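Step one of this worksheet: look at the structure below.
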Amino acid sequence: MRQGLGFSLRQMSGDALCWSPVRGFLQMAQTLPNRVRRSALVCGVVQGVGFRPFVYRLALEEGLAGFVGNDTGGVTIEIEGPEERVAAFLDRLRCEQPPLARIDSVTVRELAVTGDVEFRIVASEVRGNVSTGIPADAATCPDCLRELLSPLDRRYRYPFLNCTNCGPRFTITRSIPYDRPQTSMAKFTMCPACQNEYDDPLNRRFHAQPNACWDCGPRVWLVGADGNKLLEVSLTSVFANSANSAHPANSAHSDPIDQTISLLLAGKIVAIKGIGGFHLSVDATSQAAVMRLRERKRRYGKPLAVMVRDVEAARAIYALTAEEELLLSTPARPIVLARRREDCAIADAVAPGIPWLGLFLPYAPLQHLLFADSRVRALVMTSANLSEEPIAIDNDEALARLGAIADAFLMHDREILQRCDDSVAAIVDGAPQLLRRARGFVPLGVSLPFDSPPLLAVGGHLKNVFALARGRFVYQSQHLGDLENLTGLEFFRESLDHLMRTFEIEPQAVVHDLHPGYLSTTWAREWARERGLPLIAVQHHHAHIAGCMAEHGLTGSVIGLALDGTGYGSDGKIWGGEVLIAKLGSFERFAHLETVPMPGGEAAIKEPWRMAFAHLRAVGLDLESAASQAGATMQEARLLDRMIERNVNAPLTSSLGRLFDAVAAIVLNRRVVDYEAQAAIELEGIAVDEADDEPGYAMEFINGNWAAREPLRISTASLWRALVEDLRANVSKQCIAARFHVAVVNAFTQAAVLARSTTGVTQVALSGGCMHNRRLARLLRVKLEADGFEVYQHRSVSPGDGGLSYGQAAVAALLFHPSKIG
Ligand SMILES: [Zn+2]
Ligand SMILES: [Zn+2]
Ligand SMILES: [Zn+2]
């Protein structure tokens, strides 16, 4: 079973392609008795990543004849020569693959010797990419970076250089096959120098589809908020600014990249066109600049991602672990969440109220050029959008939507064809976990433990990601954001259309969440009806747990701890603190948090004081005390009480996320939040330095009846009494937060122990949005393992609602194969 993020964490290095001098064909005496011919079909991420030239070089080095070519299944190779050389070739094929390749399987067959004397790269089949799709976008490789910063190189400071080991892929591609005419590079005709590189199998740019240079490729320019062009970059201006005296001096500041740097250093907001969309950028070390951006975006709480030059610069901001360094440096370049140093230079307004920062390294040449100026230390690089709308990608669209936010726009004429936000990852409990799957990971497939028919799983409502499944793989879309508005739904449609074309998948069934009110559910019903396709509804928390199971190849029974915000339950209530006895195809609810009303429904998510009030009233606090603890006026308290009493807009929930909100509201006095789960995240944040073994608050079990399928309930009554007592005794909020975490860990571990004694199941799968809480994830794993459980956590798929569609696909795929797994 593949672990990690679905890619190798090894850093990109040109060394992977080092090779000894060609041994030559003369070695191949055709009459040798041990001469053999074999074919090898290589599947995985093997197209558009320099795999054929890599095979070509290996064959030359081993002195073998034959050919290599792309076809519908992957890359096909035939090799002929002495048996030991063929064996060495096949070994090296598996060990020395190019940086961006990922081999899933190699199928070798014996063939008759033909007497071939040379090795060739043969032309692609007409339609050749259905199982390999389009590669993911990859960060500028070390070789390209060296050229970018070398005044003697013909691509010195060229903002769009790339090679087969790096550069944009998914975001510039319209359709398959992945060839230049199907990309937004189609309008740029390669100059003779670029064409020569492109045609030479021994060149690093052999068939690098976005290959370009100053003479033939895209350009970058700077415009003001009014859309008028300020400066355009040109070869002359670049060399005029360099020390290269061969070029006559121009004006000293004619480069739009230099001009952008000056604007940023002066505290201005610049919208910068990147790989998957525009970023809004400001100097991350300037509190005033960051506050200006927040005021213009009207986002005051949500943490902003920060880009820094390199790992060394990151070390000055984080206390980085080796795993975090590796994660920061992978070709996918995700935003990595890690603990900030207290004394770091980043403005407090970047991530107010929490001890972590989301940091990432430059992944496009244009970004490297900004950091080539030593005065640029750290830049906020946040997706250019308004709240949860899709990221802006088009030049005109950016001007129209961001004109009131940005002071200037650094644009270019290489069109972005697929919107793609930055991915987010973290080291969770010692290993990488992908929290938001987007640029660098899409459209890489995540494997299933068994084959699936072609399926569409539409995911959830917020943080939507859909998935297409076929065979052994599920292809999740990029993070699409909230499907609450038409722009969100339009983005969903566009991306679905693109991914269906990319993999040539025609779904035979549509999978959706059980929630009848999700826009994704309504849409799925309509879409399936138009096409006459069967619909499969999967309960939200079953999908969460099934996702974790499928990722680890688990096909038996598990105890699933679905610790989540909110999801529609089989009984019509809102679930989210669930202990399930789950198989991939079915589940039973063994235990759950005691339900409490959510006064105001959705409003209770945005105003956690409502949850605090509801919890305190539920455990018997009088109106006045509950109001005062929750920070509510008596008028508000009476109104909420009436809603709860009359059961008006106060649905019952067993959500752990909402319990976190309630505790955070009281402990931190946070009445309202600017983004989902902000209060809960802050509660995790203040516990960060507390000891792991703080005694937790007690939580009792209210007996269920497993034989009658009546779940056990986990009561929060004692927890609340003890917590209020601690507050009155002026126990520090840090300590209360730590005790609360331990209480949750103890209660769910105890529930798992009871589930094990009832069912004999010893494997535990952890999932749901609360598993973004790294303290909770770590403590739960430690405690469960100490109690003898085998614990599984998400790695390649998000534990939050971004992972739902993968779990939905796994559940539905099994329904089509009931005979295979019990
Ligand atoms: Zn490169
Ligand atoms: Zn060129
Ligand atoms: Zn969920």
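When a ligand or atom number is given, it counts from 1 through the structure's own listing order. In this text the structure is predicted, and so the values were computed from the model without any measurement.
Between the Asn162 side chain and the Phe160 main chain, a donor and an acceptor come within less than 3.5 Å of each other. The main-chain N or O of Gly459 is found under 3.5 Å from a side-chain atom of Gln808 such that the two form a donor-acceptor pair.
Distances from the Zn ion (ligand 3) to each N, O or S atom of His540 single out NE2 as the nearest. The N, O or S atom of Asp801 lying closest to the Zn ion (ligand 3) is OD1. Residue Asp564 approaches the Zn ion (ligand 3) most closely through its N/O/S atom OD2.
If you put the vertex on the Zn ion (ligand 2), SG of Cys194 and SG of Cys213 sit 110° apart, to the nearest 10°. Angle SG(Cys141) to the Zn ion (ligand 1) to SG(Cys144), rounded to 10°: 110°.
At a threshold of 4.5 Å between non-hydrogen side-chain atoms, the residues Leu804 and Asp513 count as touching.
Once rounded to the nearest 0.5 Å, the distance linking CG of Leu652 with CD of Glu594 reads 9.5 Å.
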Tyr568/His540 under ring pair (Phe, Tyr, Trp, His ring centres under 6.0 Å): CA gap, chis, key distance, verdict: CA-CA 6 Å; Tyr568 193 80; His540 191 96; 9.8 Å; no
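The Zn ion (ligand 3) lies at 2.8 Å or more from every N, O or S atom belonging to His541.
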